[in-house]
**Student:** 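What follows is a structure written as structure tokens; I'll ask about it next.
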Amino acid sequence: MKVQRICCIGAGYVGGPTMAVIADRCPAIQVTVVDLNQARIDAWNDSDLTKLPVYEPGLDAVVARARGRNLQFSTAVEESIASADMVFISVNTPTKTKGLGAGQASDLRWVEACARQVATAATGHTVVVEKSTLPVRTAAAIKTILEAAQEEGSSRSFSVLSNPEFLAEGTAIGDLEAPDRVLIGGEETASIDALAEIYGHWVAPEKILRTNLWSSELSKLTANAFLAQRISSINSIAAFCEASGADVREVARAIGFDSRIGPKFLNAGPGFGGSCFQKDILNLVYLCRHFGLPEVADYWESVVTLNTWQQHRIARLVVQQLFGTVTGKRLAILGFAFKADTNDTREAPAIRIARDLLEEGAQLSIHDPKVVEAQISRDLQLEPASETDTLSGTGSWTPATSIEAAVRGADAVLVLTEWQDYRHLNWSDLAALMRRPAWVFDARAVVEPAAVQAAGLRLWRVGDGES
Ligand code: UDX
Ligand code: ADP
């Protein structure tokens, strides 16, 4: 079987960049990315490449090469499924907010809707590839829906593969172009070979791993759980360092030299955010409870508990240092995205920290180089204030178009995302704009401590017991 036409359902953070790279590397394959969201598709088709709906370094160049040649973005979902011999499902799978498994299980309504769309619209033999992160055994549900549509004697047939995406936002293009591994789970050799052949255009064969469907699905959850666990582990030690006078960066460096531990993913910070870590762990927790393994569920749940604690802890210590009250005080928040080099704010630590401070009555001035005002409003469930009434006791926020505008009149600056722009700030100029005594709370440890202190500002750095 040779794949000639791919349809990808879902033009989001995963579907868009992944398909752009496949199209770029496989010029002979026609790739169509479809989405129900017309505005999103229009943005993907915009001739101005700065308007792409996903911000990823290097994505614009890849899209520029492939779009209009063998990469299309469209809302014609059914048509595109009908003409495809391989359909990727790359839709959102957020944590359920109500009903059975609320707060933990993944909401599979969009995946199921996709499976039903494929079941109705597909023609000939169609390989369906799960790309979204899904709870173990979702492939079985997709298969059952597809099999029900496979009428007796019809020429239509389906096979289902799991091909989880391991890309991280901000480095998506590099991760896709030079992946550590590609994982393909499935039962049918011909379909697995067909997908492996696509990746084989640019990935070495020994990096293309084949497993059964369930192992593939579980590997994705496990990889994210292990990575998130490292962050909670280092953040727990950061708190201990602050209490005991050690420096978490020195500890991280020392343990990272152990080749069994390794140096990556040991940056203490305001806790992990992003669309995957929390969701995937909670999913794992839900499944473990379901399969009668409460101890295993509790073990993994503690990774999320510690993460949430770290975020509340940071908000709390800001309040404590500012004489126990931030009511009416102006606080500059530098960085709202869940990490640098992305405009994504899903589960961003800044959301929880900002909400806690708003609850305390703070006047926040929020700056982020890529996150738009409307997104911050949605995340905080609060419109920006037109004028600030500092004595009302009610928290409010305003967007800041520059770092200086954010900092002007502030009692404290909180650095919550490690954007490059925040690494080498002119602290003596900024200090002149602030109300004294003024603080810098660096939750990412990116500022230059000597420069901050030389400017007469007080500094708190995550995991730093020294200052
Ligand atoms: C993650 C996985 O890395 C990726 O393989 C999977 O496909 C999706 O989930 P992503 O969420 O995009 O990717 O970003 P990642 O770089 O993993 O960072 C996640 C969070 O952890 C961010 O909030 C980041 O700031 C935080 N982090 C990361 C730390 O606090 N310290 C670190 O050392 C590393
Ligand atoms: P991810 O980070 O997993 O890529 P996103 O939320 O960024 O998630 O993207 C998922 C996309 O899938 C959204 O743009 C949404 O409109 C789209 N989508 C969801 N269900 C369907 C469907 N049945 N058909 C087409 N597109 C869909």
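Counting starts at 1 for both ligands and their atoms, in listed order.
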**Student:** Taking non-hydrogen atoms only, is Arg346 closer than 4.0 angstrom to ligand 1 via side chain, backbone, both or neither?
**Tutor:** neither
**Student:** Do any N/O atoms on Tyr13 end up under 3.5 angstrom from N/O atoms on ligand 2?
**Tutor:** yes
**Student:** Have Lys279 and Thr93 got a donor and an acceptor in their side chains that come within less than 3.5 Å?
**Tutor:** yes
**Student:** Among Asn235, Leu266, Asn267, which one has a heavy atom closest to atom 31 (N) of ligand 1?
**Tutor:** Asn267
**Student:** Flag the pair Arg378 and Glu373 as a salt bridge only when some basic side-chain nitrogen lies within less than 4.0 angstrom of an acidic carboxylate oxygen.
**Tutor:** no
**Student:** Does ligand 2 have a heavy atom under 4.0 Å from the side chain of Arg346, from its backbone, from both, or from neither?
**Tutor:** side chain
**Student:** Nearest protein heavy-atom contact for atom 19 (C) of ligand 2: which residue, which atom, what distance?
**Tutor:** Asn92 OD1, 3.3 Å
**Student:** In ligand 1, which numbered atoms sit nearer than 4.0 Å to a non-hydrogen atom of Glu165?
**Tutor:** 7 (O)
**Student:** Does ligand 1 come near enough to Ser275 that some N or O of the ligand is less than 3.5 Å from an N or O of the residue?
**Tutor:** no
**Student:** If you count the atoms of ligand 1 from 1 in the order shown, which ones are under 4.0 Å from a heavy atom of Phe272?
**Tutor:** 20 (C), 21 (O), 23 (O)
**Student:** To which protein heavy atom is atom 23 (N) of ligand 2 closest, and what is the distance rounded to 0.1 Å?
**Tutor:** Gln117 OE1, 3.1 Å
**Student:** Do the two ring centres, one from Phe226 and one from Trp300, sit under 6.0 Å apart?
**Tutor:** yes
**Student:** Does either side chain, that of Thr345 or that of Gln375, offer a donor lying less than 3.5 Å from an acceptor on the other one?
**Tutor:** yes
**Student:** Quick one: does Glu169 get an N or O within less than 3.5 Å of an N or O on ligand 1?
**Tutor:** yes
**Student:** Give the atom numbers and elements of ligand 2 that come within less than 4.0 Å of a heavy atom of Gly12.
**Tutor:** 4 (O), 5 (P), 7 (O), 9 (O)
**Student:** Cut-off 3.5 Å, side chains only: do Gln72 and Thr32 have a donor facing an acceptor?
**Tutor:** no
**Student:** Among side-chain atoms of Asp368 and Trp419, is any donor-acceptor pair under 3.5 angstrom?
**Tutor:** yes
**Student:** Regarding Asp356 and His312, do their side chains bring together a donor and an acceptor under 3.5 Å, going by distance alone?
**Tutor:** yes
**Student:** Got the closest protein heavy atom to atom 25 (O) of ligand 1, with its distance?
**Tutor:** Arg444 NH1, 2.8 Å
**Student:** Keeping the roles fixed (side chain from Gln310, backbone from Gly269), state whether a donor-acceptor pair exists under 3.5 Å.
**Tutor:** yes
**Student:** For atom 19 (C) of ligand 1, what's the nearest protein heavy-atom neighbour? Residue, atom name and distance, please.
**Tutor:** Phe277 CE1, 3.5 Å
**Student:** Any side-chain donor-acceptor pair under 3.5 Å between Tyr13 and Glu165?
**Tutor:** no
**Student:** Counting non-hydrogen protein atoms only, what is the nearest one to atom 15 (P) of ligand 1? Give residue, atom name and distance.
**Tutor:** Lys339 NZ, 3.5 Å
**Student:** For ligand 2, which atoms, with element, lie under 4.0 Å from some heavy atom of Cys114?
**Tutor:** 23 (N)
**Student:** Between Thr126 and Ala122, is there a donor-acceptor pair closer than 3.5 Å when you use the side chain of the first and the backbone of the second?
**Tutor:** no
**Student:** Is Lys220 near ligand 1, meaning one of its heavy atoms is under 4.0 Å from it?
**Tutor:** yes
**Student:** Which option wins on minimum heavy-atom distance to atom 4 (C) of ligand 1: Asp341, Val14, Leu167, Asn307?
**Tutor:** Leu167
**Student:** Distance to the ring centre below 6.0 angstrom and angle to the axis at most 45 degrees; does that hold for Lys370 and Tyr55?
**Tutor:** yes
**Student:** In terms of residue, atom name and distance, what is the protein heavy atom nearest to atom 26 (C) of ligand 1?
**Tutor:** Ile231 CD1, 3.8 Å
**Student:** Between ligand 2 and Ser90, is the shortest N or O to N or O distance under 3.5 Å?
**Tutor:** no
**Student:** Can any side-chain N or O of Glu56 pair as donor or acceptor with the backbone N or O of Gly170 at less than 3.5 Å?
**Tutor:** yes
**Student:** What I want to check is whether the side chains of Tyr199 and Asn163 have a donor and an acceptor closer together than 3.5 Å.
**Tutor:** yes
**Student:** Test side chain to side chain contact (heavy atoms under 4.5 Å, CB included) on Val319 and Glu360 and set out the steps.
**Tutor:** CA-CA 8 Å; Val319 176; Glu360 294 283 338; 3.9 Å; yes
**Student:** Is it true that the side chains of Ser232 and Asn235 contain a donor and an acceptor less than 3.5 Å apart?
**Tutor:** no
**Student:** Write out the residue and atom name of the closest protein heavy atom to atom 5 (P) of ligand 2, then the distance separating them to 0.1 Å.
**Tutor:** Arg40 NH1, 3.7 Å
**Student:** Distance under 4.0 Å to a non-hydrogen atom of Ile9: what atoms of ligand 2 satisfy this?
**Tutor:** 22 (C), 24 (N), 25 (C), 26 (N)
**Student:** What closest approach, in Å, do Ala268 and Val462 show between heavy atoms, and which atom pair accounts for it?
**Tutor:** O-CG1, 3.9 Å
**Student:** Does Val14, backbone or side chain, put an N or O under 3.5 Å from an N or O of ligand 2?
**Tutor:** yes
**Student:** Could you tell me whether Arg181 sits above the aromatic face of Phe166, with NZ or CZ closer than 6.0 angstrom to the six-membered ring centre and within 45 degrees of the axis?
**Tutor:** yes
**Student:** May I ask you to identify the nearest protein heavy atom to atom 8 (C) of ligand 1, giving residue, atom name and distance to one decimal place in Å?
**Tutor:** Cys276 SG, 3.4 Å
**Student:** For atom 17 (O) of ligand 1, what is the closest protein heavy atom, and at what distance to 0.1 Å?
**Tutor:** Phe265 CZ, 3.2 Å
**Student:** At what distance is the nearest protein heavy atom to atom 15 (C) of ligand 2, and which residue and atom is it?
**Tutor:** Asp35 OD1, 3.5 Å
**Student:** So which heavy atom in the protein is nearest atom 5 (O) of ligand 1, and how far is it from that ligand atom?
**Tutor:** Phe166 O, 2.7 Å
**Student:** What residue and atom, counting heavy atoms only, is the protein's closest point to atom 11 (O) of ligand 1, and at what distance?
**Tutor:** Phe338 CE1, 3.5 Å
**Student:** State the atoms of ligand 2, each with its element, that fall below the 4.0 Å cut-off from a heavy-atom position in Leu36.
**Tutor:** 21 (C), 22 (C), 23 (N), 24 (N), 25 (C), 26 (N)
**Student:** My understanding is that we take every heavy atom of each candidate and find the minimum distance to atom 20 (C) of ligand 1. Doing that for Gly273, Ala168, Ala348, Ala172, which one comes out nearest?
**Tutor:** Gly273
**Student:** Closest non-hydrogen protein atom to atom 27 (C) of ligand 2, residue and atom name please, with distance?
**Tutor:** Val91 CG1, 3.7 Å
